[in-house]
Novice: 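Before I ask anything, let me first share the structure, which is written out below as structure tokens.
Below, read A as the first sequence line, B as the second, and so on, with proteins coming before strands; counting in each chain starts at 1.
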2 protein chains.
Amino acid sequence: MSSTREKIAQAADTLFYEQGFEATSFADIAGAVGISRGNFYHHFKTKDEILDAVIDRRIAKTKGMMETWDAQGQTPLDRIGCFIRILIRNRAKITQFGCPVGSLVSELGKLNHVSQSRANALFSMFGDWLAEQFQEMGCDAPTALRHARHLLARSQGVATLSQALQDDEFIDGEVVLMLDYAAAAASEFTQEGN
Amino acid sequence: MSSTREKIAQAADTLFYEQGFEATSFADIAGAVGISRGNFYHHFKTKDEILDAVIDRRIAKTKGMMETWDAQGQTPLDRIGCFIRILIRNRAKITQFGCPVGSLVSELGKLNHVSQSRANALFSMFGDWLAEQFQEMGCDAPTALRHARHLLARSQGVATLSQALQDDEFIDGEVVLMLDYAAAAASEFTQEGN
DNA sequence: GATGATATAGGACAGATGTCCTAGGGCGCG
DNA sequence: CGCGCCCTAGGACATCTGTCCTATATCATC
């Protein structure tokens, strides 16, 4: 099967993250993959098609992560912890380039790009998944959504600020606070005496 | 004095915020100001010079805001509240284009731009000012810095997420939580019985 | 009114960009 | 072998970019 198409999408994914969508040219991607510039047309008609493929990749990758977390975490609190800890796992890249989702959404928003809503869907995926966890904990639906969005916003802020400060260690402290927040939400529904 | 130069910087400021630095061309700025494209060279040698002028403007505007807050707020907590409430004052623009500071820093970071550090200084200004307030409250220096960065990150996250969700109202709830956070930090140093 | 500095318009310039076309290579199938 | 199909390379293309030049307009000063 067309492995070249996949390689293009993969290279574009990385470059869009590290340089931005607008700042990444066909030539950049061609150089990264090692194919000729004109050859692109056979796999992707336009740059927007590449963007769509990249978003598809990210959606798939996100789904995969969530499945892993679902399998790995015993309790909702454990699973939420998995989400929070992405910040630590990707610490170096986040400090350098920010959050892949957040920065893409921000850029596409400014460009008034057609695929803006598809990128925003990535946020919704995280939001919905987090809300599910809080509901399983015992929260009612609106509270769960509130908690979910709150954590999502916190993680975005940590990413942006660690990039601005160029400070790895800032992430660690904030992760602890976010875990505390989730734990506090959970403790409302557990036995006091435990 | 050269009012044209000022008008260019002002138009560029707006356009860099709403479209991004890279995506804004000389032609865009010229169109917005209503002057010819070639005329730019007389006022700014390069696009980077315009960016520097824009950052200067923002630094000056930020200083002005802080002076206003210093004069307006009676207590450190009041003044911190002024900062937090920018989110509400600029709600509509933030929902559409995100935070001007955060998105510029993010973009310049990805472009590895020379002026990246000058843009980051904008963050430091807010951070230092907030830390001062927390110190006046009674916090020791490291704690004050921690609180300051925490609030800065929170506000960034709120901006990013409200843009992604296209949701005005999300901001209001988060602002309340941030005010609570500041109040809790302050209450440590006030009389219990008050 | 003449002079000179400053501001402006218009366009030239090379390079890059996204898009598209064409010619040929490699390979399976009849 | 010969046909047809997918893949690739290389380059054409119009357009846009940032930069820069030159000729003209504006205006204060003498």
Novice: Whole-Å distance between C/dG18 P and A/I8 CD1?
Specialist: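 Roughly 14 Å, once rounded to whole Å.
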Novice: Whole angstroms only, please: what is the NE2-C1' distance between B/H43 and D/dC20?
Specialist: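 Going from NE2 in B/H43 over to C1' in D/dC20 covers 15 Å.
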Novice: Report yes if at least one side-chain N or O of A/N39 is closer than 4.0 Å to OP1 or OP2 of D/dC7; otherwise report no.
Specialist: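 For D/dC7, neither OP1 nor OP2 has a side-chain N or O of A/N39 closer than 4.0 Å.
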Novice: Whole-Å distance between D/dT17 C1' and B/L15 CG?
Specialist: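 Spelled out: CG on B/L15 to C1' on D/dT17 is 16 Å.
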Novice: Do A/D140 and A/T143 have side-chain N/O donor and acceptor atoms under 3.5 Å apart?
Specialist: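 The criterion, which ignores hydrogens and geometry beyond distance, is satisfied for A/T143 and A/D140.
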Novice: To the side chain of B/A27, which of D/dT17, D/dT19, C/dT19 is closest?
Specialist: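 So the side chain of B/A27 is nearest to D/dT17.
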Novice: Counting only side-chain heavy atoms from C-beta out, which of C/dT19, D/dT17, C/dA9 sits nearest to A/F26?
Specialist: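 Selected nucleotide: C/dT19.
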Novice: Would the number of heavy atoms belonging to other residues, nucleotides or ligands and lying under 6.0 Å from CD of B/E136 be above 12?
Specialist: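 More than 12 within 6.0 Å, yes.
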Novice: Could you state the atom-to-atom distance from CZ of B/F21 to P of D/dT17 in whole Å?
Specialist: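 From B/F21 CZ to D/dT17 P: 13 Å.
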Novice: Nearest whole Å is fine: how far is D/dC7 C1' from A/R37 CZ?
Specialist: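 About 18 Å, once rounded to whole Å.
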Novice: Could you check whether B/S36 and B/N39, counting side-chain N and O atoms only, form a donor-acceptor pair closer than 3.5 Å?
Specialist: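 No - no donor-acceptor pair under 3.5 Å links their side chains.
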Novice: Looking at B/T4, does any N or O in its side chain come under 4.0 Å of the phosphate oxygens OP1/OP2 on C/dA7?
Specialist: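 Result: no.
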Novice: For the side chain of B/S25, starting at C-beta, report the closest nucleotide among C/dC20, C/dA9, D/dT17.
Specialist: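 My answer, after comparing the listed nucleotides, is D/dT17.
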Novice: When you check the phosphate oxygens OP1 and OP2 of C/dC20, does a side-chain N or O of A/H42 lie under 4.0 Å from one of them?
Specialist: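 False: A/H42 side-chain N/O out of range (4.0 Å or more) of C/dC20 OP1/OP2.
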Novice: Measure NE2/B/H113 against P/D/dG18 and give the value in whole Å, please.
Specialist: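 That distance rounds to 11 Å.
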Novice: Looking at B/R91 and B/D172, does any basic side-chain N land under 4.0 Å from a carboxylate oxygen?
Specialist: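 Yes.
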Novice: Between B/G34 and A/T24, who's closer to the 5' end of DNA chain C by nearest nucleotide?
Specialist: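 It is B/G34 whose nearest nucleotide is closer to the 5' end.
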Novice: Look at B/Y41 and D/dC20 and indicate whether a side-chain polar atom (N or O) is within less than 4.0 Å of OP1 or OP2.
Specialist: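 For D/dC20, OP1/OP2 do have a side-chain N/O of B/Y41 under 4.0 Å.
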Novice: Using a cut-off of 6.0 Å, state whether more than 12 heavy atoms not belonging to B/E49 lie near its atom CD.
Specialist: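 Counting other residues, nucleotides and ligands, CD of B/E49 exceeds 12 neighbours.
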